[in-house]
K.L.:
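Just passing along the structure, written as C-alpha cells.
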Amino acid sequence: MYRPADVETEVLERWLAAKAFHARPDDPGEAYSIVIPPPNVTAALHLGHALNNTLQDVLTRYHRMLGRNALWMPGTDHAGIATQTVVDRRLQQEGQPSLKDYKQREARGEGGREAFVQKVQAWKDEYEAEISSQLKRMGCSCDYDRQRFTMDPVCAAAVREAFFRLFKDGLIYRGKRLVNWDPVTQTALADDEVEMREVDGSFWYMKYPIVERQGVPGSGIRDRPNPEPGSRTPASDGWRATGEHVTVATTRPETMLGDTAVAVNPDDPQRKHLIGQFVRLPIVNRVVPIVGDGYVTLPDADSSDAKASYASGFLKVTPAHDPNDYEIGFRHEKSIVAATGHVLINVMAPDASISVEHGWPEQDHQQADAFLRDELVGKSREDARKLIVGWFKREGLLEETRPYRHSVGHSYRSHVAIEPYLSDQWYVAVKKQIGRLSDEGALADTDVPANSLAGLALRAMAPDQMAGAERGDGVTIPGRDRGALAAEDPDKPLKPLGVGEKVWEGHLRFYPDRYARTFQHWHEGIRDWCISRQLWWGHRIPVWRRVDAALVNATGMAPGERDPDGPMVVEDSEWTQRGCVHLEDTIGDEEVETIVCVPPGPREQETVADLEAEGFTQDPDVLDTWFSSALWPLSTMGWPRPDDFPEFIPEGDKVLEKWNPTNVLCTAREIITLWVSRMVMFNLYFSDPDLDPRSDGQRLPFYDVFIHAMIQDGHGQKMSKSLGNGVDPVDIIHSHGSDAMRFTLAHMTTQTQDVRLPVDLICPHTGEIFEPRYITAKGGAGGARVMAPTQQCPKDPDKQMVTFYGVSSGHVQATDDMPLARNTSSKFDIGRNFANKLWNAVRFALTRLGEAQEGGQAGTAGQAGAADYQLADRWILSRLARTVRLANESLSEYEFNRYAQGLYDFVWRDLCDWYIEAVKPELGERATARAVLATCVDASLRLLHPAMPFITEKLWSHLNAVVPRRGLPELDLPASEMLARAAWPRIKREWIDERSERGFELIQQVVGAARQVRTEHTVPPRQVVDISAKAPPAIAQQLLEHKALVAVLANVTPREVGPRVDRPGDAAAAVTGDIELYLHGLVDPELERQRLARRADELATQVSRLKSRLGNDSYVSKAPAHLVEQTREQLAAAEREIEAVQEQLAALA
RNA sequence: GGGCGAUUAGCUCAGUUGGCCAGAGCGCCUGCUUUACACGCAGGAGGUCACAGGUUCGAGCCCUGUAUCGCCCACCA
C-alpha cells in the first residue's frame, strides 16, 4: 500500500535542495508567471486556499514542464483590519492588555501604538511561517526565495511610491464624507466590507410640532392658546407652536437629534403646502425647515411596495447620519443653513454613543431639554433609541409603532450594524481624468472617462466579453483565439501571451466569461475609493500635516490647479524643492492646513525628520489593505526601484521586465471587485510610459482571470476563517496524503459548481472516524451550523476531544485529555485510491521491466519499431495520444476536472485494466511491449505530475533507476533527473489510430460478454473455459488474429472461430453484435434461457424505437443523411442479433 | 429591487456547438485472499434529467413561465 508520509517529506527536501522552483530571469524559456493571491496572516490556510493553490500549482508545473521560465510568486497579506481584530480578540481572551489598553497608553504618550503593532507583528510571523509550511506540504512549487509580505520593505516602498504618484497627479484627495463606520473597531469600511443583513426592526411614527415665527401667523393655521405638551418652547427664541404636527416615519429614532430638515415630496398634493414652513425638533428644540424633495416616497397604505405602505409622507432629514439624507441636506443647503446654521450635525462619538462633542455646535445643543444632557449623552445608540422612543411616548408624540423587517449594513469584521458617520477620509478618484493624458472623452454608455482609472479597467476588457459589444463577423478577438489555435494543431499546447508583446487594451479575459460582467458593471457604477482606515496595523499614509491659525491668504498660494474648493498647490516651497507635494487648504475662515506628501527614496527619512521638527505630524490613518494588494503584481517584483533592494531582488529590473504582466490570476469570485479590479487599474496606471519614463509599455497585471469554485462545508456554508468551519489541509494530508488531496481538488473543480464537502472527525484516542455533532452558532457567526466545541468518541464515550471550531472560537483549549481532533473527509478517497493504484501499477511495471533488464534483454528504447506493434500496443498509444491532447486542451481552458478525469481514466481504465492485463504474459519475451509499457509509464508520470507531484516524482526516480533509457522511435522523451523539471510529452497526432481503437474495442466487447457469462455461471476466476465463436468472416478473421488477447483477458481457451461454427451441446451462449459466443461445459438451460430472454427484450425495445424513428417521414427527410444511415445500420444489426438470440432460445427448448 | 448560478442515481458530481440504451466516484447487491493493487478484481441493481408549457424529425442541452436553494450587486426612511 502506498504510504504518502514516507514519500512526501523526502521528495520535498529534494526539490528545495535543488532549488527546483527558483526562477531566474536569464534562464531560457518564454516567461510564465503567476502571483499567489496572498493569504491573510490572520490564520492558517484552509481547504479553500488548498484548492486555490493546487490549481495554481497545476498551471505552474504544467507550464514549467512545457519549457517555460515559470515563476510562481508566493507571499502573504497583512490584512489590516482582519488581523488587528483577530489579535485584539486573542489578547482579550488571554486576559492580556488589549487594543483598548494600548490606545490609552498611546493617549498618554507611552508608545501604545508601537507596542501593539509589535504584538500583531509577532502574530504575523507565526502564521506567515505556518502558511509557508502548509504551502510546502501541499507541494506548491512557489519560488520560496522570493516570498513577499505586503508590509515588507519592498512592498512598503511600492505603496509609498504609488500613493505619492497618485497624490501628485491629483487622484488622491481628503474629504469629509459619510463613511461606513464600524463603531467597535472604530474604523471606516469600504462599501465591499459591509454585509447586508435582514433585521427585525420597527417603524416609529413620531410627531414634530409645526412652529411659526411669533407675530407672523401661519397661513390658515389658527393660533392656539395652550400648546400641547411636548411642543413647549423656550419663550425667548421667537418661535411658537401652531398646534399642528407633521409625522415622520423612521427606523432610526435616535438619529432625530441630528435632524436638520423634514422633507416632503413636492408632488404630494396633501402635504406640499407645508414646504417652506418649520418644525421644532422635540428634545433638542432646533427649528428646522420643511423642504420639498422628490426623493420622498408618497404614502400609499394599500401599495404592495413596502416603502409606500409604511411611508407617512414626511421624511426626517439627518444629513450627518444617513447617506440619502446627506444628499438631500446639501440639495437644500441654503434653506437649512438659514434656519439652523448647519446642514451637518453629528450627534455621536466614534463608538456610536450619543455625544455633543463630535460636531454638534455648542449654541445648538445648549438649547436642548435637560433630558439630552441628563439621560442621553454617553448612552449607546441602542439605549438612546429606547430612551427617545420612551420620551416621545410620554409626551404623547409617538403616533404609532409598526414592526418592519429590513436589511441593515453590518461590519464584516465586528458584525455590528454600520453607522453612517461623518469623518475625514482619504479617497482615490477613480473616475477622474488622469492628468497629463489627452482627453478621450467618456466610454460608450457610461460616464466613465476613458482616461480615468476605471476607464483603463474597462478598456482592458476583451471586447467579446463586454456586454453590449456584439461580436460580429470580421471582429478579431485580441489575445488568443483558442479555437483557431486548437484547430491548427490540437496536440500543441496553446501559447500564452508573452511579456514582450506589450499589449493591454482588450486583452483581459475572464474564465468563465460570465464574470466579465461583474467586472464591467462594477466599473461602470464605480465610486471613489475610500482608502484610509483608522487602524494601527497597516501602511501609514505618507502625508504630514500642520494646522496654522490665521494664515489665510498669507503667502505663497499658487493659483489652484484643481477643484477650486479643494486645496491649493504650493509651487516653490522648501518641501517641493525636496520632491514633496505641498498643498495648503483652508479650514473654516481662520486656519490653514499645510499638507505635505513625501516621496519614498534615500532622502525620505531626512525630510520626515525636518517636517516633524517644524511641527508637522503624520496622518494617523493607515491605508486600506487592498491598496497594497492592488500593487501585488508590481511590488513583489520590486517595482518601482528593485535596485534599492539587492538583498531581495538581486536581478534588479529584469524580474519586472520578465514576469509582469503575469499570465493568469486564479481567485475566487468574491474579490473580483475588491482586488482584481484594483490590480488592473494600478498596474495599467503605474506602467504607463506617459507617466513613468522608466516603463517601456503599459501593462496589465495579468491576461487571464480564472475564477474557481468555492468550497463549502457539509451544510452548504462557505468555508471561512470567520465561521471557524475551515479544514486544515494538513489534516487531509495526514489522512489521505498531499497528492490525493490535490488530485481530488482538481477533479472537483468545474466551471460552475461550488463544492460541498462533508467533514468527519478522527478521534485522536482511538483513530475512529465519525460524523461530528453540530450546533447552531451564536454571536458573530450567528445562525451558522458549526461543530460543537467538544465531541466524544462513538467507540468509547469516555474519550473526549475538542474541535477546530471550539479552539478558534475561544470556547475551549486542547489538553492532553481532550486533544484537538483532526478532520478528514471521504471525498478524498478517490484521490487516495488513485494514488495507490498508480503506485502499485508502476511498481509492478518496474518489477517486470527490471527482470527483463537483468535477463540481458534490455530492449526498451530503440529496438521497437512500428512493424512490431500489436493491436494492444497501437491501441494504448492511441489512447495516450488522446490523453495528451485532452490534457493540453483542458489545461489551456482551465478545465481542471477534465484534465484530472482524463488522466484517471487513462491510467486506471486503459493502462491498468486493459493494457497491462493484456501484455502481462508476454512482457518477458516481447521487447516492444516492454518499450510501450515503459513509455506509457513515463508519459503518465509526466502528465500526472502537475496534479500529483510527490508520488510521480518518487516513481520517476525509480523509473530512472530501472529503465534509464526509454522511448520509442517515433517519440522522444527527453531524460531528466527530476520530474519537476522534465519535459511535457509531445505526442504525434498520427498516433491517434481509430482503426486500432475499433479493433481493440471489439476485443473488449467479446471479453466483456464472456466475463458476463462466466459470472452468471459462477465459474471460478482461475478456471479456464473453452470458447468458440460464430461470426461473419471479417470479424472472425479479427478474432482469430487476436485470440491470444481474448484468451488472456477473459481467461479462456479459444477453439473454433468462423462463420459456420456450431454450438456445442454443453455450451452456454452469448450474443453480442454479430458474434455468438459459446462457452463450453457450462450447461444450465434455465440461466441460459433467462439471459437470452432478457437480451431479446432489450433488443426488441431497441428495434421498435429505431423502427419508429425511421417510420417518421420528417426524420428521414430532415435529419442529416449520415444519421439516418446510421440508424438504418443500427436497426439491421439489432435485427440480426435478435434473430440469433431467438435461434439460441429455440435450441434450448 | 436588479443580476448571476444551481436543481441529473441513496450521496457528491460530469454531461463540450440539440443526434446512443443519460455517465463517473462513493454507497448498495453477487462472486473472487486470481503472485501489482481488498485504497483491489469481475459482474449487477439503481434515474419521469425540479415542475409546466413551447420550438424541433429529435430536448438533460434551446425558448417562456413556475418552484426551491445559493451567491453577487443596490442608498432605501
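On a predicted model such as this, the values are computed, not experimentally measured, just so you know.
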K.L.:
With heavy atoms under 4.0 Å as the rule, sort A:Trp908 into base, sugar-phosphate or nothing.
P.N.:
sugar-phosphate

K.L.:
Closer than 4.0 Å, any side-chain N/O of A:Arg1109 to the OP1 or OP2 of B:C21?
P.N.:
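Result: yes.
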
K.L.:
Which part of the nucleic acid, if any, lies within reach of A:Val296 when heavy atoms closer than 4.0 Å are counted: base, sugar-phosphate only, or nothing?
P.N.:
base

K.L.:
Do the side-chain N or O atoms of A:Tyr404 get closer than 4.0 angstrom to the phosphate oxygens (OP1, OP2) of B:A77?
P.N.:
yes

K.L.:
If we take the P atom in both B:U7 and B:U17, what is their distance in whole Å?
P.N.:
16 Å

K.L.:
Can you name the one residue among A:Val264, A:Leu298, A:Val296 that meets side-chain contact (heavy atoms from CB on, under 4.5 Å) with A:Arg271?
P.N.:
A:Val264

K.L.:
Paired with B:A38 by Watson-Crick or G-U wobble geometry, both distances under 3.5 Å: which nucleotide is it?
P.N.:
none

K.L.:
How is A:Arg1022 classified with respect to the nucleic acid when contacts are heavy atoms under 4.0 Å: base, sugar-phosphate, or nothing?
P.N.:
sugar-phosphate

K.L.:
Sort out the partner of B:U56 for me: Watson-Crick or G-U wobble, both distances under 3.5 Å, none otherwise.
P.N.:
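Here B:U56 is not engaged in any pair, so there is no nucleotide opposite it.
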
K.L.:
Describe the nucleic acid contact of A:Arg909 in one word from base, sugar-phosphate, nothing, applying a heavy-atom distance below 4.0 Å.
P.N.:
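Result for A:Arg909 = sugar-phosphate.
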
K.L.:
Using a 4.0 Å heavy-atom cut-off across all strands, classify A:Asp829 as base, sugar-phosphate, or nothing.
P.N.:
nothing

K.L.:
Does the distance from a Lys or Arg side-chain N to an Asp or Glu carboxylate O, for A:Arg930 and A:Glu851, drop under 4.0 Å?
P.N.:
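Salt bridge between A:Arg930 and A:Glu851, a charged N being under 4.0 Å from a carboxylate O: no.
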
K.L.:
Taking the C1' atom in each of B:C21 and B:A45, what is the distance between them to the nearest angstrom?
P.N.:
16 Å

K.L.:
Would you call A:Arg1095-A:Glu1016 a salt bridge at under 4.0 Å N-O?
P.N.:
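Looking at A:Arg1095 and A:Glu1016, the cut-off is not met.
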
K.L.:
Strictly below 4.0 Å: does A:Arg1095 bring a side-chain N or O up to OP1 or OP2 of B:C21?
P.N.:
no

K.L.:
Could you tell me whether A:Glu917 contacts a base, only the sugar-phosphate backbone, or nothing, with contacts defined as non-hydrogen atoms closer than 4.0 Å?
P.N.:
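It contacts base atoms.
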
K.L.:
Would you check if there is a donor-acceptor pair between the side chains of A:Arg832 and A:Tyr2 at a distance under 3.5 Å?
P.N.:
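Side chains of A:Tyr2 and A:Arg832: no pair found under 3.5 Å.
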
K.L.:
Assign A:Thr251 to base, sugar-phosphate, or nothing according to its heavy-atom contacts below 4.0 angstrom with the strands shown.
P.N.:
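Contact class for A:Thr251: sugar-phosphate only.
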
K.L.:
When we call it a touch if two heavy atoms are under 4.0 Å apart, what does A:Tyr295 touch: a base, just sugar-phosphate, or nothing?
P.N.:
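Contact class for A:Tyr295: base.
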
K.L.:
With a non-hydrogen cut-off below 4.0 angstrom, is A:Pro323 in contact with a base, only sugar-phosphate, or nothing?
P.N.:
nothing

K.L.:
For A:Asp913, answer base if it contacts any base atom (sugar-phosphate contacts may also be present), sugar-phosphate if it contacts only those atoms, and nothing otherwise; contact means non-hydrogen atoms under 4.0 Å.
P.N.:
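Answer is sugar-phosphate: A:Asp913 comes under 4.0 Å of backbone atoms only.
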
